[in-house]
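Have a look at the structure below, then the notes.
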Amino acid sequence: QVQLVESGGGLVQAGGSLRLSCTASGRTFRRNGMGWFRQAFGKEREFVATLDWSGFITSYANSVKGRFTISRDNAKNTVYLQMNSLKPEDTAVYYCAAARGTSWSARPSEYDYWGQGTQVTVSS
């Protein structure tokens, strides 16, 4: 069974940092683009960050650019999201996803596998 499992979420004060991890099991995603999305309570799921299979090409939502960094360790089948200078508006459930192809994508429709999500809460 293919699974993406997120970890690293929690409660942090505004201005703090968290590092999310997403580890795949059941198959390798070393040749797939990967992405992070988030969904705040009562809102639509939105794109956060993505990278291609190599990790060299990345893209970010404007709201997180300069504060968040996506990276991957293909040897560990793991993708990370380093989140710095967190704001209360970053509060959401964060989801990891594996894309259908090798490229990065900001479109949820390009992703075939999704994790269950990890809650990030930023207090003011």
Side-chain angles (χ1 to χ4, degrees):
Q1 183 180 1
V2 178
Q3 282 189 312
L4 296 175
V5 179
E6 302 97 337
S7 61
L11 173 64
V12 64
Q13 288 187 330
S17 298
L18 283 174
R19 188 195 196 201
L20 304 183
S21 298
C22 170
T23 300
S25 62
R27 60 159 284 183
T28 177
F29 289 104
R30 298 169 186 171
R31 298 290 294 179
N32 294 79
M34 300 291 292
W36 286 95
F37 295 79
R38 67 187 181 186
Q39 186 168 17
F41 182 75
K43 296 187 176 181
E44 296 288 319
R45 187 172 298 189
E46 65 173 3
F47 162 72
V48 176
T50 178
L51 77 177
D52 75 333
W53 72 273
S54 71
F56 289 126
I57 303 175
T58 59
S59 181
Y60 297 90
N62 288 335
S63 59
V64 307
K65 200 171 292 183
R67 299 187 298 121
F68 290 12
T69 302
I70 187 172
S71 61
R72 67 191 300 162
D73 184 339
N74 284 339
K76 295 181 179 180
N77 223 14
T78 299
V79 176
Y80 305 97
L81 185 68
Q82 177 67 43
M83 306 185 295
N84 298 328
S85 302
L86 282 161
K87 304 175 181 180
E89 50 263 44
D90 294 318
T91 295
V93 177
Y94 282 71
Y95 297 92
C96 168
R100 192 167 304 124
T102 60
S103 298
W104 61 270
S105 177
R107 300 177 182 174
S109 61
E110 297 291 325
Y111 290 81
D112 284 341
Y113 297 97
W114 293 81
Q116 292 300 305
T118 184
Q119 175 71 45
V120 171
T121 303
V122 185
S123 63
S124 58

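All of these numbers come straight from a predicted model, not from anything done at the bench.
Dense packing is recorded around CD of Q39, with more than 12 heavy atoms of other residues, nucleotides or ligands lying under 6.0 Å away.
In this pair, W114 and F37 present their aromatic rings tilted. The plane angle is within the 30 to 60° band.
R72 and N32 are not linked by any side-chain donor-acceptor pair at a separation below 3.5 angstrom, with hydrogens and angles left out of the test. There is a side-chain donor-acceptor pair under 3.5 Å between T78 and T23. With hydrogens and angles left out, the side-chain atoms of S17 and N84 include a donor and acceptor closer than 3.5 Å.
Taking 4.5 Å as the limit, every side-chain heavy atom of Y60 sits out of range of all side-chain heavy atoms of R67.
Without hydrogens or angle criteria, Y80 side chain to T69 main chain gives no donor-acceptor distance under 3.5 Å. Q13 contributes no side-chain N or O that, together with a main-chain N or O of V122, makes up a donor-acceptor pair within less than 3.5 Å. Not one N or O on the side chain of T121 forms a donor-acceptor pair closer than 3.5 Å with the backbone of T91. Here the side chain of D52 pairs no donor or acceptor atom with the backbone of R31 at under 3.5 angstrom. When atom types are taken as modelled, the side chain of T118 and the backbone of S7 share no donor-acceptor pair closer than 3.5 angstrom. A distance-only check finds a donor-acceptor pair linking the side chain of N77 to the backbone of R27 [under 3.5 Å]. Judged by distance alone, with hydrogens and angles left aside, the side-chain atoms of R107 form no donor-acceptor pair with the main-chain N or O of F47 at under 3.5 Å. A distance-only check finds no donor-acceptor pair linking the side chain of Q82 to the backbone of F68 [under 3.5 Å].
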I'd like to know whether W53 forms a side-chain contact (heavy atoms from CB on, under 4.5 Å) with S103, so could you lay out the CA-CA distance, the side-chain angles of the two residues, the decisive distance to 0.1 Å, and finally the verdict. CA-CA 6 Å; W53 72 273; S103 298; over 6 Å; no
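Remark: V93 engages Y95, Q119 in a side chain to side chain contact (heavy atoms under 4.5 Å, CB included) (not counting sequence neighbours). Not a single side-chain hydrogen bond (donor to acceptor under 3.5 Å, both in side chains) links E89 to another residue, sequence neighbours left out.
Note on Y111 and F29: separate hydrophobic clusters, where clusters join Ile, Leu, Val, Met, Phe, Trp and Tyr whose side-chain heavy atoms are under 4.5 Å apart, directly or indirectly. Follow the hydrophobic side-chain contacts under 4.5 Å out from M34 and you reach V2 in the same cluster.
The residue from L81, D90, V120 that alone fulfils the side chain to side chain contact (heavy atoms under 4.5 Å, CB included) condition with R38 is D90. Under the side chain to side chain contact (heavy atoms under 4.5 Å, CB included) test applied with I70, the options V48, V64, L51 reduce to a single match, L51.
Between the OG atom in S63 and the CD atom in E46 there is a gap of 5.5 Å [rounded to 0.5 Å]. One finds the SG atom of C96 at 5.5 Å from the CD atom of E6 (value rounded to the nearest 0.5 Å).
Of all heavy-atom pairs spanning S21 and W36, the tightest one is O-CH2, 3.7 Å. In plain terms, the two heavy atoms of P88 and A14 that are nearest each other are CD-CB, 4.1 Å.
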